[in-house]
Amino acid sequence: MQRRPMKVMLPENRLMHKFYMRHPEARLEPVPLQSFEPPIAKQFAIRQLQLMQQGKGKFSEDEAFALTEKEFMGRIQVLASHRGGAPARLNLVQQDEGRYLAEALEEVAARKQ
């Protein structure tokens, strides 16, 4: 009988989930695979956790979230400004593909004549 490995739950996982719920555009943030810098949600959650653990619970989870949100506001606004960017880029790619497909079909039709 095979047992599944235990699921690893890090303290920042729950905080990252809350961040994504509040800022869903962060899910669309491109992350370079060669980079060692974690995504904004992970950085946000780690900073929030630091504030919560600082001074024996000096800040509650909600207070730490608000403070961290103020610290990250510039980066969050950049993400929010790109909110419509991914679908727009996808539409451009689809238009290019449509143009190339039409050209290829015209070439095939010309060869058959």
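All residue numbers refer to positions in the sequence shown, counting from 1.
- The CZ atom of R47 lies 14.5 Å from the CZ atom of F19; values are rounded to the nearest 0.5 Å.
- A centroid separation of less than 6.0 Å is found between the aromatic rings of F44 and F65.
- Interatomic distance, CD of E106 versus CD of E103, reported as 7.0 Å (0.5 Å rounding).
- Minimum heavy-atom separation, A41 to M16: O-CG, 3.5 Å.
- Within the 3.5 Å criterion, the main-chain N or O of K42 finds no donor-acceptor partner in the side chain of E12.
- Put simply, CD on E107 and NZ on K112 are 13.5 Å apart, with the number rounded to the nearest 0.5 Å.
- To the nearest 0.5 angstrom, M52 atom CE is 9.0 Å from D62 atom CG.
- Note that CZ of F72 and CG of L79 are 11.0 Å apart. Values are rounded to the nearest 0.5 Å.
- Under the 4.5 Å side-chain contact rule for hydrophobic residues, I46 and L67 do not share a cluster.
- Going from atom CD1 of I40 over to atom CD of E29 covers 6.0 Å, rounded to the nearest 0.5 Å.
- Considering only heavy atoms from C-beta on, Q48 comes within 4.5 Å of E61 through its side chain.
- Shown here is M21, whose CE atom has no more than 12 heavy atoms of other residues, nucleotides or ligands within 6.0 Å.
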